[in-house]
**Q** 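There's a structure below that I have some questions on.
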Amino acid sequence: MTGMDPGALHELRVVEAELNERWPETKIEPSLDRIRALTDLLAEPQSNYPVVQIAGTNGKSSTTRIIDALLTGLELRTGRYTSPHLQLATERIGVDGAPISPAGYVEAYRDVAPYVSIVDSQSDVRMSKFEVLTGMAYAAFADAPVDAGVVEVGLGGSWDATNVADAKIAVICPVALDHAEYLGTDIAGIAREKAGIIKPESVVVMASQPVEAQQEIMNRIAEVDATVAREGQEFGVLERTVAVGGQLLKLQGLGGVYDEIFLPLHGEHQARNAALALAAVEAFFGAGADRQLDVDRIRSGFASVIVPGRLERVRAAPTVLVDAAHNPHGTRALADALSSEFSFRKLVAVVGVLGDKDARGILAELEPVVEELVLTRNSSPRSLDPDELAGIALDIFGQDRIMVEPRLDNAVEQAIQLAEETDDPGESVSGGGVVITGSVVTAGEARALFGKEPA
């Protein structure tokens, strides 16, 4: 990576190799016992600062990053924990709105490693990679020290390692089906698990939900005597206008109306994430009907938002966009944004999907907005074979709209060529476009292909 010390990057790779010997994030044993044992040995670092915790199926990382940017704009020192990473593990732990350095990541690991060994020796199941990373993040935030921790749930809620924190604000993004092998296919059950982040007397900031999900979340709120603010009632998007490089918003917050907000992200779903994030930050500061946050600082915070791999433009002429959508719900939001905010003469998708995801559902959501499809794979051992992916795509797109290129770089080159082809060169000034999607891993590797640095 440009500007990074080669020695520190080598040490980072050594640490990642050690962490990768542990259970991956795709394997969980539902218990908070191990992470609680670790944070106990570390003197409860997660209790040294107020925590905003973000759960849900889609929009968690974007909402986490927007909250982080708003708190930073309001002059708080923040710690940000997100997952998974796109390119480099350091992206997961951020302080002051930027990823921790490779040297800082290594130091955070070495600081907690002796205590991790103690926990391992006292448990039948060793700590998972995610549990160790969570301990590293909470400890790094305490060492900084930060004024607030902004923490994205890894998987689920109740049993997620991040839930060892007693979050002051619980943010619930839209709940949909994903990770069915761990969370099941029952929306109510999934919502119940995610609502587990709601703690007694906390404030819940909730996105619009399917009826069965909302009922479970409201049950949890009543059970622990929490307070709730709901999208569409206490807060929401009042106006949204597509603008160059993003959108202009007028938002209803808990403390009144915030207008002339420029958000450098595309899509109605990001506008709704912005409203959710604003309400969470207002709740954090205790803003409400009689108190509004500084509008200029809120505008500045929104304008500074960077969310890599979410409808991110990595090339112009033809336009190449990268999006980390990896389930049907997320892909539907991507397709809606592509059709409403871009006017490509021809749009080609490069798709690489992990084998445990709903590939058919992802492809079905893309079909109405994509003319041709280049199917590929990413470097993950879980990546679905592109020929198998083509078999799934066949009855959705038809043979004539599908190509297979096993290497991602070749797939991108092929898609660019296809996007530039036309029977009528004067047909549209908009030109062709390429969207690379299907997986967080695919999005991260595409960013690297185009020389984008970890963010």
Side-chain angles (χ1 to χ4, degrees), residues 24-28 54-65 82-87 91-92 130 152-156 160 173-185 187 190 194 265-267 269-270 273 307-312 314 321-338 349-367 369-370 373-386 388-390 392-393 396 408 411-412 415 434-449:
E25 286 151 290
T26 54
K27 187 172 182 179
I28 57 171
I54 301 93
T57 305
N58 288 301
K60 295 195 301 293
S61 289
S62 294
T63 303
T64 299
R65 283 177 172 266
T82 57
S83 62
H85 60 274
L86 285 166
Q87 290 166 265
E91 299 166 32
R92 293 173 176 245
F130 187 75
E152 176 187 356
V153 167
L155 182 65
D160 189 75
C173 296
V175 174
L177 295 179
D178 195 14
H179 303 292
E181 64 276 35
Y182 315 116
L183 301 178
T185 56
I187 288 282
I190 293 169
K194 294 181 187 299
L265 302 173
H266 296 283
H269 61 295
Q270 294 291 18
N273 289 339
V307 184
R310 271 66 177 183
L311 257 177
E312 179 183 15
V314 294
L321 302 165
V322 172
D323 194 271
H326 55 274
N327 57 41
H329 186 270
T331 310
R332 188 176 313 131
L334 165 63
D336 287 347
L338 287 168
V350 176
V351 179
V353 180
L354 297 186
D356 56 354
K357 296 296 181 180
D358 181 2
R360 180 174 295 278
I362 290 168
L363 293 171
E365 295 293 348
L366 283 175
E367 192 278 331
V369 299
V370 169
L373 200 60
V374 184
L375 302 169
T376 189
R377 69 179 305 145
N378 55 52
S379 65
S380 170
R382 294 160 55 212
S383 187
L384 189 63
D385 181 272
E388 188 176 342
L389 188 56
I392 298 169
I396 300 171
L408 180 61
V412 172
V434 173
V435 60
I436 307 168
T437 190
S439 166
V440 174
V441 181
T442 302
E445 291 177 0
R447 288 190 93 245
L449 277 178

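Everything numeric here is computed off the predicted structure, so don't read it as measured data. Only this structure's heavy atoms are used, side chains among them; waters, hydrogens and symmetry mates stay out.
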**Q** Verify, without hydrogens or angle tests, whether Lys194 (side chain) and Ile190 (backbone) share a donor-acceptor contact under 3.5 angstrom.
**A**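 A pair under 3.5 Å: no.
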**Q** To check you understand the geometry: which heavy-atom pair defines the closest contact between His326 and Ser439, and what is its length?
**A** CB-CA, 4.0 Å
**Q** Of all heavy-atom pairs between Ala415 and Val434, which one has the smallest distance, and what is that distance?
**A**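 Closest heavy-atom pair between Ala415 and Val434: O-CG2, 3.6 Å.
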**Q** So does Arg447 pair up with Glu91, basic N to acidic O under 4.0 Å?
**A**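 No, no charged N to carboxylate O under 4.0 Å.
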**Q** Nearest 0.5 Å please: distance from the CG atom of Asn327 over to the CG atom of Leu354.
**A** 11.5 Å
**Q** How close do Pro328 and Glu365 get, counting heavy atoms only, and between which atoms?
**A** O-CG, 3.6 Å
**Q** Measure the shortest side-chain to side-chain distance between Thr57 and His329 over non-hydrogen atoms and say whether it is less than 4.5 angstrom.
**A**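 When only atoms from C-beta onward are counted, His329 and Thr57 do not touch, as no gap falls below 4.5 Å.
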**Q** Answer yes or no: is there a side-chain heavy-atom contact under 4.5 Å between Ile54 and Thr82?
**A** no
**Q** State, yes or no, whether a side-chain contact exists between Val351 and Val370 at a heavy-atom distance under 4.5 Å.
**A** no
**Q** Can you tell me how far SG of Cys173 sits from NE2 of His269, rounded to the nearest 0.5 angstrom?
**A** 11.5 Å
**Q** Which atom pair, heavy atoms only, marks the closest approach of Thr442 to Gly352?
**A**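 Shortest heavy-atom contact: OG1-O, 2.9 Å.
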**Q** With a 3.5 Å distance limit and no angle check, can you tell me whether Arg310 reaches the backbone of Pro308 through a side-chain donor-acceptor pair?
**A**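 Yes; at least one donor-acceptor contact below 3.5 Å.
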**Q** How long is the gap from CG on Asn58 to CG on Leu334, to the nearest 0.5 Å?
**A** 11.0 Å
**Q** For a quick test of reading the model, state the closest non-hydrogen atom pair linking Asn378 to Ser383 and the distance between them.
**A**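 In terms of heavy atoms, the two residues are closest at N-OG, 3.1 Å.
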**Q** Are the side chains of Thr437 and Leu366 in contact, using a 4.5 Å heavy-atom criterion?
**A** yes
**Q** Give, for atom CD of Glu25 and atom OG of Ser83, the distance between the pair rounded to the nearest 0.5 Å.
**A**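 Answer for the CD-OG pair, Glu25 versus Ser83, is 5.5 Å.
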**Q** Side-chain contact test, heavy atoms from C-beta onward, threshold under 4.5 Å: evaluate it for Leu265 versus Leu311 and give yes or no.
**A** no
**Q** Can you confirm whether Val353 sits close enough to Leu375 that some side-chain heavy atom of one is under 4.5 Å from a side-chain heavy atom of the other?
**A** no
**Q** Between Arg377 and Leu384, is there a side-chain heavy-atom distance shorter than 4.5 Å?
**A**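 With C-beta onward as the side chain, the pair stays apart.
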**Q** So, for Arg360 and Ile396, which heavy atoms are closest and what is the spacing to 0.1 Å?
**A** O-CD1, 3.8 Å
**Q** Spell out, as yes or no, whether a donor-acceptor pair under 3.5 Å connects the side chain of Asp160 to the backbone of Gly154.
**A**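 Confirmed, Asp160 side chain pairs with Gly154 backbone.
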**Q** Mind checking the OG1-CG spacing from Thr376 to Leu408? Nearest 0.5 Å is all I need.
**A**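 Going from the OG1 atom of Thr376 to the CG atom of Leu408 covers 5.0 Å.
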**Q** Once you round to the nearest 0.5 Å, how far does NE2 of His266 lie from CG of Asp323?
**A**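 Nearest 0.5 Å value for the NE2-CG distance: 11.0 Å.
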